[in-house]
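Structure record follows, encoded as C-alpha cells.
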Amino acid sequence: MHHCINSSYNNFKDWLEDKDAIVFNRLFQVYEFDGGDLWSSLEENLGNIPIEAILEDYVSSPFMIFFTRVDGSRGFFNLDDFSDGPIPEVGYTLNRLYFHIEQYFKEWILQLGAPDYNQRVQINKNNSYFINFNYTTTLETAYGINKGSICYIHGCAALNQYLIFGHNQTPETIKNKWHFDTFTNEKEQLEEAVNDMGTLYKDVNAIIKNNNEIWKKLSDIDTIHVWGLSLSDVDFPYLRHIKSIVNPQVKWEFSWYNENDKKRIENVIEQLSLRNTSLIQLSDIILPHPKQLNLFE
C-alpha cells in the first residue's frame with residue numbers, strides 16, 4: 001500500500017463487487033446480513049460466521065442485492081420478489097462460496113498494478129533475509145532482491161504458487177463458539193458448515209513447522225523489520241515463534257500508518273514482552289531521488 005498499490009481488503013471488496021455480484025452478495029448474506037463487518041479484517045472474520053446464518057440457511061437462501069442509500073445507510077431487496085420464478089441459486093454451499101473466494105483472490109492479486117518506484121524505501125538488501133506475507137513480487141520487481149533471499153511464506157501469485165489464505169478458527173473453536181452441543185436437531189447441518197469452513201483454515205503452526213530451514217537463517221540476526229504487516233491474530237503466531245528463536249537483545253522495528261496501527265503494535269510488544277523496539281513510518285525512509293541534470297547549465 002505504501003508503494004501506491006491498491007491492495008487493501010477494501011480494494012478487494014470493490015473489485016469483487018464488480019467482478020461477481022452473486023459471490024459478493026453471498027458473502028454479505030452469510031457474514032454481514034446481521035450487521036457484521038467482514039472486510040475490516042477479512043482473513044480473521046472469515047472464521048466468524050454467526051450461527052444464525054447457518055441455521056436460517058443464509059447461504060442458499062434466495063439471492064439478495066444490497067445497496068447503499070444517499071445517507072450512507074444500507075438496504076437490500078430479494079430478487080425473488082421481482083421475478084416470475086425463483087432465482088436459480090438453489091444448492092449454493094459454503095464450500096462453493098469458499099472455492100470462488102480463493103479463485104477470485106488470486107485473480108485479484110495478479111491484476112494489482114505496478115509499484116510506484118518513487119515510493120521505494122531504503123533497504124539493506126545485501127545483508128537481509130525477507131519473509132513476504134503479501135503474495136506479490138514487489139520485492140523482486142521494485143528492489144531487485146534475489147528470489148533466493150525471499151520466503152513467500154503464504155505463496156506467490158505471479159509464480160503460480162498455491163496461496164495460503166484464510167482464518168485461524170479450528171473446528172473445535174467454531175463448535176465451542178456456536179455452543180454446538182446444544183443444537184441436537186441441527187448437528188448434521190452445523191457439522192457440514194464446520195467442515196466447509198475448514199477449507200479456509202490457515203494452519204499457521206503447521207506452516208511454521210514445515211519451514212524449519214527458514215528459521216535457521218534467523219539464528220544470528222540483530223534487527224527485525226516488521227513493515228506493513230497487519231498484526232492480526234491470524235499471523236501473530238509467526239511473530240511469537242520468531243521471538244522464541246532469536247537473541248533476546250534483537251532489535252524490533254515496526255512500521256505504522258495511523259494511530260490504530262500504533263495501538264496494535266503496542267499490544268504486540270506487550271504480548272511478546274519485547275524489550276528493544278522502535279516505530280517508524282515508511283514515508284520517512286524513502287530513497288532519495290537523484291537530481292536531474294540541467295543540460296543548459
Query - Donor on one side chain, acceptor on other, T173 and N176, under 3.5 Å - result: no
Query raised in the report: Is there a donor-acceptor contact under 3.5 Å from the side chain of E44 to the main chain of V234?
Result: no
Query raised in the report: Out of curiosity, I101 CD1 to L27 CG, how far, rounded to the nearest 0.5 Å?
Result: 4.0 Å
Query raised in the report: With a 4.5 Å heavy-atom cut-off, do N11 and S8 have their side chains touching?
Result: yes
Query raised in the report: Partners of D220 by salt bridge (charged side-chain N to carboxylate O under 4.0 Å, His left out), sequence neighbours excluded?
Result: none
Could you pull out every donor-acceptor pair under 3.5 Å between side chains of residues 107-117 and any protein atom, sequence neighbours left out?
{"residue": "E107", "atom": "OE2", "partner": "K19", "partner atom": "NZ", "Å": "2.7"}
{"residue": "Q111", "atom": "NE2", "partner": "W108", "partner atom": "O", "Å": "2.9"}
{"residue": "D116", "atom": "OD1", "partner": "N118", "partner atom": "N", "Å": "2.9"}
{"residue": "Y117", "atom": "OH", "partner": "T141", "partner atom": "O", "Å": "3.3"}

Query raised in the report: Distance only, no hydrogens: is a donor on one side chain within 3.5 Å (strictly under) of an acceptor on the other, for T136 and N134?
Result: yes
Query raised in the report: Sub-3.5 Å donor-acceptor pair from the side chain of S255 to the main-chain atoms of G228, do we have one?
Result: yes
Requested in this report: Go through the structure and list residues passing side chain to side chain contact (heavy atoms under 4.5 Å, CB included) with N48, not counting sequence neighbours.
Outcome: N45, Q169, K177
Query raised in the report: Looking at residues at least two apart in the chain, or sitting in another chain, which of them share a ring pair (Phe, Tyr, Trp, His ring centres under 6.0 Å) with Y135?
Result: F105
Query - Partners meeting ring pair (Phe, Tyr, Trp, His ring centres under 6.0 Å) with H225 (sequence neighbours left out) - result: W227
Side-chain donor-acceptor pairs of residues 276-284 under 3.5 Å, sequence neighbours excluded:
none

**Report entry** Residues in ring pair (Phe, Tyr, Trp, His ring centres under 6.0 Å) contact with W252, at least two apart in sequence or another chain
**Finding:** none
Query raised in the report: What heavy-atom pair brings L231 and L239 nearest, and what distance separates the two atoms?
Result: CD2-CD1, 3.6 Å
Query raised in the report: So, does S232 use its side chain to make a donor-acceptor pair with the main chain of S230 at under 3.5 Å?
Result: no
**Report entry** Aromatic ring proximity H167/Y98, centre distance under 6.0 Å
**Finding:** no
Report summary line: Of all heavy-atom pairs linking M197 and L94, the shortest is CG-CD1, 4.2 Å
Query - pair D20-H100: side-chain heavy atoms closer than 4.5 Å - result: no
**Report entry** Working for side-chain contact (heavy atoms from CB on, under 4.5 Å), residues V59 and Q29
**Finding:** CA-CA 7 Å; V59 182; Q29 284 184 231; over 6 Å; no
Query raised in the report: Mind checking whether H241 and V204 have side chains closer than 4.5 Å, heavy atoms only?
Result: no
Query raised in the report: How long is the span from the CZ atom in F24 to the CH2 atom in W15, to the nearest 0.5 Å?
Result: 12.5 Å
Query raised in the report: Under 4.5 Å between any side-chain heavy atoms of C151 and Y129, yes or no?
Result: yes
Report summary line: Those residues at least two apart in sequence (or on a different chain) that pass salt bridge (charged side-chain N to carboxylate O under 4.0 Å, His left out) with E191 are K175
Query raised in the report: K13 side chain to W39 main-chain N or O, any donor-acceptor pair under 3.5 Å?
Result: no
Query raised in the report: How would you list, by chain and number, every residue that makes a salt bridge (charged side-chain N to carboxylate O under 4.0 Å, His left out) with K202, sequence neighbours excluded?
Result: E43, D235
Query - Closest non-hydrogen atom pair, N160 against K106 - result: OD1-NZ, 3.0 Å
Query raised in the report: How many angstroms lie between CH2 in W256 and CD in E266, if you round to the nearest 0.5 Å?
Result: 11.0 Å
List, one per line, each side-chain donor-acceptor pair under 3.5 Å for residues 209-217, sequence neighbours excluded.
{"residue": "N210", "atom": "ND2", "partner": "A206", "partner atom": "O", "Å": "3.1"}
{"residue": "N211", "atom": "ND2", "partner": "I207", "partner atom": "O", "Å": "2.6"}
{"residue": "N212", "atom": "ND2", "partner": "K209", "partner atom": "O", "Å": "3.2"}
{"residue": "E213", "atom": "OE2", "partner": "K216", "partner atom": "NZ", "Å": "3.1"}
{"residue": "W215", "atom": "NE1", "partner": "I208", "partner atom": "O", "Å": "2.8"}
{"residue": "W215", "atom": "NE1", "partner": "N211", "partner atom": "O", "Å": "3.2"}

Query raised in the report: Under the salt bridge (charged side-chain N to carboxylate O under 4.0 Å, His left out) test, which residues partner D196, sequence neighbours left out?
Result: none
Report task. Might you point out which heavy atoms bring E140 and I145 nearest each other, and give the distance in Å? Result -> CG-O, 3.6 Å
**Report entry** Stepwise side-chain contact (heavy atoms from CB on, under 4.5 Å) test for V121 and Y143
**Finding:** CA-CA 9 Å; V121 298; Y143 292 92; 3.4 Å; yes
Query - For the student: nearest non-hydrogen atoms of I49 and W178, plus distance - result: O-NE1, 3.0 Å
Query raised in the report: Is any side-chain heavy atom of N95 less than 4.5 Å from a side-chain heavy atom of E192?
Result: no
**Report entry** ring pair (Phe, Tyr, Trp, His ring centres under 6.0 Å) partners for Y238, two or more places apart
**Finding:** F133, H154
